[in-house]
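First up is the structure itself, then whatever we jot down about it.
Since the structure is predicted, the reported quantities are computational estimates derived from the model, not experimental observations.
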Amino acid sequence: MADFLTPQQEDFSKWYNEIVQKADLADYSPVRGSMVIKPYGYTLWERIRDELDLRFKETGHVNAYFPLLIPMSFLEKETEHVEGFSPELAVVTHGGGAELEEPLVVRPTSETIIGHMYAKWIQSYRDLPVLINQWANVVRWEMRTRLFLRTTEFLWQEGHTAHATQQEAVEETLRMLDVYTDFAVKEAAIPVIQGRKSESEKFAGAIASYTIEAMMKDGKALQSGTSHFLGQNFARAFDIQFLDENNEKQYAWTTSWGVSTRMVGAVVMCHGDDQGLVLPPHLAPIQVVIVPIWRKDAERAAVIEAAQKIKTQLKGIVRAELDQREGLSPGWKFNDWEMRGVPLRIEIGPRDVANQSVMVARRDIPGREGKVQIAMAELTACLPALLESVQAAIYARALAFRDSHIIDVTTYGELKEAVETGFARAWWAGGTADEAAIKEECKATVRCIPTDQPGGSGACVYTGKPAAEVAIFGRSY
RNA sequence: CGGGGCGUAGCGCAGUUUGGUUAGCGCGCACGGUUUGGGUCCGUGAGGCCGUCGGUUCAAAUCCGACCGCCCCGACCA
């Protein structure tokens, strides 16, 4: 069965490309490096979006929308920022049939235009903090692209906040990192390592960047969300000043943080298997699919009626769909929904109608072991719990996988070996040059310096110098 | 940008080495029937500027040249 997908073991990259298309998440667009997000993939994104948005609102943020086009000169106001982004800018030089006086860039991110507006809006400490988020598309002209993981245009949210004090801004940066962690763990069922980015991996223009790093099933790291403490860099560049309680001018402290459609790729690569997607119930567009089974026309009516009744029963309790497609065998449908990663499948045939029960199959446990018989009357009570059980099980599985692929190493040789299959954790006191050398030799980078530190100290895995922190090394997407 | 691969029906491919009637196959699609508890079966049918342009030739999917595009691996990045 399922020679429809290239097995992960054989070629993970190929598996990924196939599944994204076969599960109807996305398709290639005619423009190199950009993709069409299909309804099923977009619904998944909407689930991600809704869960994050809820958390943003809970932490006091509001949504707004800033424009797509930004004057070129804005990007140039922050030196590091422009250096970081200029190679990947898409620039608009013509409009209305004439060459523009000043080129406009299609936003690669919105710090600059938002900084410009904040300078206008913020006058007094009473105006602070400003806690705005926007859901938007951005464009970065990447050299190499992959569906969801890196596309020329992608969707994301970018939070941009301004604060009166450094402490408040740092707190905000870390608070949103916690929000991301909470989302990843509870909703996406993806265990993440939270930590600080090294100097060389930091956001262009930030004082400090923080990240949640997830491990994919091929042992590679995927940066799944970032939160940046921008200090007063953008406040100085855009003149975001306010009068404090003492009537003194101060530069504001700003932050920015984002999660993108890359998260969809994370869900795919963290949970998917050789049968297809495995979606966490909390994010699955369809949580339960009902597949009716019949042999004769006489049976058909009763089965469909019972199936429809179940669907109605489940309304508002779980996201259920009834697969009424004609001419497809149940087996075919089973495989089809497994490809799409639907967490639970209800099989209902004449025998079930007679017993007033159904078979419920779990996507995360293949074959007979994953099937249980449930009385129709019990469904509304059982299914939510069963979904939670699937959610917990795939998280546990992902966590066990990740933890068994993180190796504590003390020598460089061990590090080199560890990053072949997963992450290496080691004492680290190296600098940017050391990191570059490691990258050259092992194709691995410092993914982060985890928030969770063991304490104490040790010898740096690369330089041998005394180190106060451990770092996570890995190959990344 | 460097290395590799590939452009033939909606998708996946064969045919190209060695040029030769009307370009095939599988899946999918449409219609009819049959079937449906783990990817049913039969029949009928629709669907092609063989990536583009140019060249060689009596004759080009096939040989030659240029170009375009896509995918994979690397350098850059959420």
Side-chain angles (χ1 to χ4, degrees), chain A residues 1-6 11-14 16-18 21-22 27-35 83-89 108-109 137-158 180 197 200-204 209 211-214 221-228 256-266 275-276 291-297 299-300 303 323 325-339 345-353 358-359 361 366-368 370-371 373 436 439-440 443 445 475-477:
Chain A
M1 206 199 301
D3 32 27
F4 310 94
L5 264 185
T6 300
D11 188 340
F12 193 80
S13 199
K14 203 170 169 195
Y16 179 81
N17 285 326
E18 286 177 5
Q21 289 180 83
K22 290 187 176 180
D27 202 354
Y28 291 103
S29 92
V31 176
R32 196 198 91 91
S34 57
M35 66 170 174
E83 278 173 11
F85 281 106
S86 57
E88 49 191 70
L89 292 178
T109 178
N137 57 339
V138 287
V139 167
R140 299 181 184 178
W141 216 263
E142 300 289 351
M143 292 170 174
R144 209 181 127 209
T145 56
R146 301 198 65 192
L147 295 169
F148 288 109
L149 304 177
R150 177 166 301 103
T151 46
T152 300
E153 177 185 0
F154 58 92
L155 305 182
W156 76 346
Q157 57 70 215
E158 42 179 329
Y180 289 158
K197 279 289 178 191
S200 53
E201 295 272 319
K202 207 183 65 175
F203 175 74
S209 286
T211 176
I212 51 172
E213 295 286 324
L222 185 72
Q223 177 176 314
S224 309
T226 48
S227 187
H228 312 291
S256 66
W257 26 274
V259 160
S260 71
T261 34
R262 173 182 275 186
M263 186 59 86
V264 173
Q275 311 303 320
V291 179
I293 299 160
W294 66 83
R295 206 180 290 273
K296 307 175 202 109
D297 269 357
E299 297 167 338
R300 184 177 182 274
V303 168
D323 186 350
R325 289 177 291 177
E326 301 277 347
L328 297 173
S329 74
W332 195 96
K333 290 180 178 179
F334 295 171
N335 286 284
D336 191 44
W337 291 111
E338 279 167 10
M339 179 72 79
R345 178 182 68 237
I346 293 180
E347 306 172 12
I348 174 165
R351 290 204 298 267
D352 305 295
V353 175
V358 296
M359 292 303 290
R368 293 207 68 79
K371 293 195 188 187
Q373 190 171 26
K439 187 173 183 183
E440 181 70 26
K443 295 174 191 161
T445 49
R475 293 181 180 164
S476 70
Y477 277 97

Measuring only the [atom1] atom in each nucleotide, how far is [N] from [M]? A whole number of Å is fine.
N: B:rG55; M: B:rC11; atom1: C1'; result: 34 Å
N: B:rG26; M: B:rA14; atom1: C1'; result: 10 Å
N: B:rG3; M: B:rG48; atom1: P; result: 38 Å
N: B:rG47; M: B:rC25; atom1: P; result: 15 Å
N: B:rG15; M: B:rG24; atom1: C1'; result: 8 Å
N: B:rG28; M: B:rG69; atom1: P; result: 34 Å
N: B:rA78; M: B:rU62; atom1: C1'; result: 46 Å
N: B:rU56; M: B:rC64; atom1: P; result: 15 Å

Does any nucleotide pair with [N] by Watson-Crick or G-U wobble geometry, both distances under 3.5 Å, and what is it?
N: B:rC68; answer: B:rG7
N: B:rA59; answer: none
N: B:rU36; answer: none
N: B:rG45; answer: B:rC29
N: B:rG19; answer: none

For [X] and [N], what is the distance between atoms [atom1] and [atom2] respectively, to the nearest whole Å?
X: A:E440; N: B:rG74; atom1: CD; atom2: P; result: 13 Å
X: A:E18; N: B:rG12; atom1: CD; atom2: C1'; result: 10 Å
X: A:F154; N: B:rA78; atom1: CZ; atom2: P; result: 8 Å
X: A:I212; N: B:rA78; atom1: CD1; atom2: C1'; result: 11 Å
X: A:E88; N: B:rA78; atom1: CD; atom2: C1'; result: 9 Å
X: A:M339; N: B:rG38; atom1: CE; atom2: P; result: 18 Å
X: A:K14; N: B:rC6; atom1: NZ; atom2: C1'; result: 12 Å
X: A:Y180; N: B:rA78; atom1: OH; atom2: P; result: 13 Å

Taking only nitrogen or oxygen atoms into account, show me every contact under 3.5 Å that the protein makes with nucleotides 69-72 of chain B, one pair per line with its distance.
{"from": "B:rC70", "atom 1": "OP1", "to": "A:R32", "atom 2": "N", "distance (Å)": "3.1"}
{"from": "B:rC72", "atom 1": "OP1", "to": "A:N17", "atom 2": "ND2", "distance (Å)": "3.0"}

For A:S476 and for A:K333, find the nucleotide of RNA chain B with the closest heavy atom, then tell me which residue's nucleotide is more 5'. A:K333
Has the side chain of A:R345 got a donor or acceptor atom sitting under 3.5 Å from an opposite partner on the base of B:rG38? yes
Using a 3.5 Å distance criterion without hydrogens, assess whether the side chain of [X] forms a donor-acceptor pair with backbone atoms of [Y].
X: A:E88; Y: A:P108; value: no
X: A:Y477; Y: A:A266; value: no
X: A:T445; Y: A:K439; value: no
X: A:S29; Y: A:S34; value: yes

What nucleic acid atoms does A:Q223 come within less than 4.0 Å of, heavy atoms only: base, sugar-phosphate, or nothing? sugar-phosphate
Classify A:T152 by what it touches in the nucleic acid, base, sugar-phosphate, or nothing, heavy-atom distance under 4.0 Å. nothing
Who are the side chain to side chain donor-acceptor pair (under 3.5 Å) partners of A:S227, not counting sequence neighbours? none
List for me each residue that meets side chain to side chain donor-acceptor pair (under 3.5 Å) alongside A:N17, sequence neighbours excluded, and say none if there are none. none
Every protein N/O lying under 3.5 Å from an N/O of nucleotides 33-37 of chain B:
{"from": "B:rU36", "atom 1": "OP1", "to": "A:R295", "atom 2": "NH1", "distance (Å)": "3.0"}
{"from": "B:rU36", "atom 1": "OP2", "to": "A:R295", "atom 2": "O", "distance (Å)": "3.3"}
{"from": "B:rU36", "atom 1": "O2'", "to": "A:W294", "atom 2": "O", "distance (Å)": "3.2"}
{"from": "B:rU36", "atom 1": "O2", "to": "A:L328", "atom 2": "O", "distance (Å)": "3.4"}
{"from": "B:rU36", "atom 1": "O4", "to": "A:W294", "atom 2": "NE1", "distance (Å)": "3.0"}
{"from": "B:rG37", "atom 1": "O6", "to": "A:P350", "atom 2": "N", "distance (Å)": "3.2"}
{"from": "B:rG37", "atom 1": "O6", "to": "A:R351", "atom 2": "N", "distance (Å)": "2.9"}
{"from": "B:rG37", "atom 1": "O6", "to": "A:D352", "atom 2": "OD2", "distance (Å)": "3.4"}
{"from": "B:rG37", "atom 1": "N1", "to": "A:D352", "atom 2": "OD2", "distance (Å)": "2.4"}
{"from": "B:rG37", "atom 1": "N2", "to": "A:D352", "atom 2": "OD2", "distance (Å)": "3.1"}

The ring pair (Phe, Tyr, Trp, His ring centres under 6.0 Å) partners of A:W337 (sequence neighbours excluded) come to none
Applying ring pair (Phe, Tyr, Trp, His ring centres under 6.0 Å), can you list everything that pairs with A:F203, at least two apart in sequence or on another chain? A:H81, A:F85, A:H228
If you count every heavy atom of other residues, nucleotides or ligands that lies below 6.0 Å from A:R325 atom CZ, does the total exceed 12? yes
Between B:rC76 and A:K439, is there an OP1 or OP2 to side-chain N/O distance shorter than 4.0 Å? yes
Answer yes or no: is there an ion pair linking A:E213 with A:K197, defined by an N-O contact shorter than 4.0 Å? yes
Does the side chain of A:R345 come within less than 4.5 Å of A:K333's, by heavy atoms? no
